[in-house]
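Data first, discussion second: the structure below is written as structure tokens.
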Amino acid sequence: MNDHPDDMAPINGLVDARRAAAMLGVSVNVFKVWANRSQEGKGGVAAAMPKPVAKMHGQIYLAAEIEEFGRLLAMSRRPPRTRERGLGAYFTPESAAQMMVSWAVRGSQDVILEPSVGDGRFAHAVHALAAANHWKSLQLHGCELDPQTAAQAVASGAVSANLLHVGDFLAEDRIPQVDAVIGNPPYVRLRELDASLRKNAVAAASDALGEAIDPAGSVWMPFVVKATKHLKADGRLALVLPLDFTYVRYARPLWDYLARLFGRLRIVRFRERVFPDILQNVLILLAEDKGKNTDYVELIARERLADLDNNLDQDGIRIPIESVIRGERIFQYALLPDETRSALALLAPYASPALNRVKFNIGYVSGNKTYFHPSDEVVREFKLPSRSLVPTAASSRSFSRQPLRTSQMDASAHLWLPRGKLTKGEHSYITRGEQDGVDMGFKCRIRKPWYVVPGVKTPDVFLTTFSDLPRLHLNDSDWTASNSVLGGFLRPDNDVEGFVDSWYTPLTLLSAEIEIHSLGGGVMVAVPREADSVLMLKSEFTSRANRRQLDAALRAGKIEDAYAIGSKSIAKLIGHDGASTLDKGIETLIAWRKAQVTPA
């Protein structure tokens with residue numbers, strides 16, 4: 001691929017760790033963990049990691065090898081253990097395939113389409129259903145991108161050779177109209193596709209949606225759109241999709257499109273992993289009555305796949321499509337117990353989004369964290385002056401088991417930010433950076449001068465980004481914020497102490513579980529827009545927190561205890577029973593976010 005943004009483009013075909021991480025869509029910390037494990041000869045992701053080709057103040061990789069690695073990682077962030085996984089193929093368990101087929105296939109005259117055949121799991125389930133019902137005329141069409149996989153599907157009897165279309169489904173125009181489309185589309189990011197496949201994906205989605213697809217999107221979305229084009233009137237879709245479908249911005253046009261095209265939409269979600277061997281939370285989309293329309297989608301949430309008892313004709317919790325399109329985390333809200341939702345309604349007059357009192361932003365981008373956050377040894381070697389060393393929150397780990405205030409912490413990192421006339425040592429340090437190629441690295445080469453990091457600000461509070469639970473800390477020592485944390489800037493007439501009191505309550509923690517998305521492994525990933533949306537008690541309804549208890553809880557890493565300190569503010573407004581229902585809601589959402597139950 002040769003369409004990287006300019007600030008991420010390979011230099012002479014080479015990339016450093018940060019650029020490689022950006023190409024793969026992971027944080028640089030995750031990439032470095034993979035690299036370290038690779039050097040240690042460990043398995044997992046490390047087994048497929050490309051080897052560095054040089055070292056220049058950090059490991060250097062061939063861009064082509066990183067791109068190939070990215071395509072193999074595809075949607076799960078894990079390396080392929082088979083050739084198929086390099087194509088974004090994650091095969092559906094037989095129980096899920098059988099259930100979806102039983103719902104989608106209604107009679108012997110049905111014509112079925114599986115747009116990404118893979119190992120033929122759905123196709124075999126269709127044949128098994130037909131055999132059980134003694135249907136001899138049921139017709140199954142398939143499409144498969146990979147010729148080798150296609151040949152195996154024919155050999156296994158999954159699809160007849162004359163009904164299998166080998167090539168890119170998104171560009172295929174020979175498939176007839178069908179009664180049902182069943183399958184599990186690939187989850188590969190658009191930017192990880194080669195140019196021709198990416199062009200087909202963009203065209204397939206844009207033509208139907210009437211607008212350009214977001215380049216941050218994934219190929220599953222064009223697959224859904226293209227599948228609808230092959231459905232007859234009253235046709236049905238049964239597709240396995242990533243949980244991202246329920247909240248990512250780029251999927252909102254798809255929700256509008258589906259609501260205008262189908263009379264009934266349902267989402268089936270389980271706490272267990274449908275794919276137990278990958279960190280990818282998924283759901284099942286059921287769409288029927290093509291040619292009609294609906295104003296809502298139904299959510300069916302169960303612990304295990306087996307809890308459905310092979311019955312997908314159940315009613316679910318009704319969720320307005322407009323709420324989904326507006327970007328509300330309504331699917332999370334729907335998981336809450338009824339009493340928790342009632343308590344939230346009672347608290348509504350006393351609460352407001354954090355955005356009313358603070359604006360969260362990502363911090364500065366240094367371009368090379370190792371260079372711009374010099375170690376004590378490097379500071380001594382180059383005699384970097386203290387006036388140029390600014391204490392900084394270089395990562396969310398800076399706040400692990402730390403007290404509330406930065407004034408009570410030892411700064412774990414300093415940003416080198418030259419001020420005034422450069423010293424002899426700083427001139428030498430700049431020369432070292434140029435010798436190591438830092439000046440030609442990510443972001444640096446478009447800055448003048450390259451060694452002065454722009455956008456350095458001092459927030460009033462810090463909020464951790466990658467964490468089990470978000471931690472808020474008061475910045476009373478004027479630390480700066482890197483892009484690995486969120487910096488919060490209070491609006492005028494907002495007292496920082498009062499803001500902290502309003503933040504550490506069960507309401508905020510529950511709202512954070514609703515608003516802030518998580519990775520497949522359960523780690524919460526706070527971004528500014530989501531953090532801004534978190535509900536807090538208004539200042540006039542907040543009691544002063546016990547600072548000693550709050551410090552002790554944060555130091556001990558007992559973050560839930562820190563938020564529980566604000567329970568008395570909640571109890572004053574809706575009573576102790578009401579406050580306890582918030583705790584029940586928090587437990588519910590944490591259980592859905594974290595460890596998935598073992599499939600039965």
Side-chain angles (χ1 to χ4, degrees), residues 214 217 220-221 224 239 241-271 281-287 293-303 314-349 351-356 470 506-520 522 524-536 581-582 584-594:
D214 191 316
W220 60 262
M221 183 170 163
V224 176
L239 299 174
L241 299 178
L243 182 62
D244 303 14
F245 177 41
T246 62
Y247 66 86
V248 291
R249 184 186 298 270
Y250 66 78
R252 294 178 193 173
L254 179 58
W255 279 105
D256 180 61
Y257 173 79
L258 293 174
R260 288 186 283 107
L261 193 64
F262 291 96
R264 190 179 189 188
L265 297 172
R266 277 175 290 171
I267 291 294
V268 187
R269 185 180 172 190
F270 315 98
R271 274 195 60 216
N281 292 332
V282 301
L283 51 81
I284 297 174
L285 167 67
L286 303 176
N293 60 76
T294 185
D295 295 325
Y296 59 88
V297 57
E298 299 171 58
L299 173 66
I300 301 171
R302 298 290 185 269
E303 287 285 311
Q314 305 175 27
D315 293 332
I317 301 169
R318 289 190 173 190
I319 294 175
I321 294 292
E322 281 301 316
S323 296
V324 183
I325 294 174
R326 284 197 299 267
E328 298 175 16
R329 294 300 301 275
I330 192 71
F331 286 95
Q332 287 290 96
Y333 181 81
L335 294 173
L336 293 172
D338 291 342
E339 58 267 37
T340 303
R341 293 200 293 269
S342 297
L344 284 173
L346 292 175
L347 284 171
S352 63
L355 184 61
N356 289 1
L507 171 63
T508 300
L509 183 55
L510 176 60
S511 185
E513 287 287 350
I514 294 172
E515 299 293 339
I516 297 176
H517 76 283
S518 65
L519 299 177
M524 299 183 79
V525 187
V527 297
R529 177 177 53 82
E530 294 173 349
D532 289 344
S533 300
V534 170
L535 286 178
M536 303 172 57
T581 66
L582 296 190
K584 185 179 296 185
I586 292 167
E587 292 172 2
T588 297
L589 294 187
I590 288 178
W592 275 90
R593 172 172 61 86
K594 295 178 70 174

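Owing to the predicted nature of the structure, the values given are computational and were not obtained by experimental measurement.
A donor-acceptor distance shorter than 3.5 angstrom exists from the side chain of Glu298 to the backbone of Gly316, with no hydrogens or angles considered. A distance-only check finds no donor-acceptor pair linking the side chain of Gln332 to the backbone of Leu589 [under 3.5 Å]. Within the 3.5 Å criterion, the main-chain N or O of Thr581 finds a donor-acceptor partner in the side chain of Thr340.
Using a 30° and 60° split on the angle between ring planes, Trp255 and Phe331 fall in the tilted class, from 30° to 60°.
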Test log, rule salt bridge (charged side-chain N to carboxylate O under 4.0 Å, His left out), inputs Asp338 and Lys584 = CA-CA 11 Å; Asp338 291 342; Lys584 185 179 296 185; over 6 Å; no
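Gly522 and Arg593 get closest at one heavy-atom pair: O-NH1, 2.6 Å. Scanning all heavy atoms of the two residues, the minimum distance from Ala354 to Ala531 falls at CB-O, 3.7 Å. Contact between Leu344 and Leu507 at its shortest, heavy atoms only, is CD2-CD1, 3.7 Å. Of all heavy-atom pairs spanning Trp592 and Phe270, the tightest one is CZ3-C, 3.5 Å. Scanning all heavy atoms of the two residues, the minimum distance from Ala334 to Ile317 falls at O-CD1, 3.4 Å. Here the closest heavy-atom approach between residue Leu335 and residue Leu299 is recorded as CD2-CD2, 4.2 Å.
Look at Asp532 and Arg529 and you find no salt bridge, because none of the NZ, NE, NH1 or NH2 atoms lies under 4.0 Å from a carboxylate O. Under a 4.0 Å N-O distance rule, the pair Asp256/Arg252 does not qualify as a salt bridge. Taking a cutoff of 4.0 Å between a charged side-chain nitrogen and a carboxylate oxygen, Asp295 and Arg318 do not qualify as a salt bridge.
For the atom pair Met536 CE and Ser511 OG, the distance stands at 10.0 Å (nearest 0.5 Å).
Side-chain contact check for Leu535 versus Pro353: some heavy-atom pair is nearer than 4.5 Å. The shortest side-chain heavy-atom distance between Met524 and Glu530 does not fall under the 4.5 Å cut-off.
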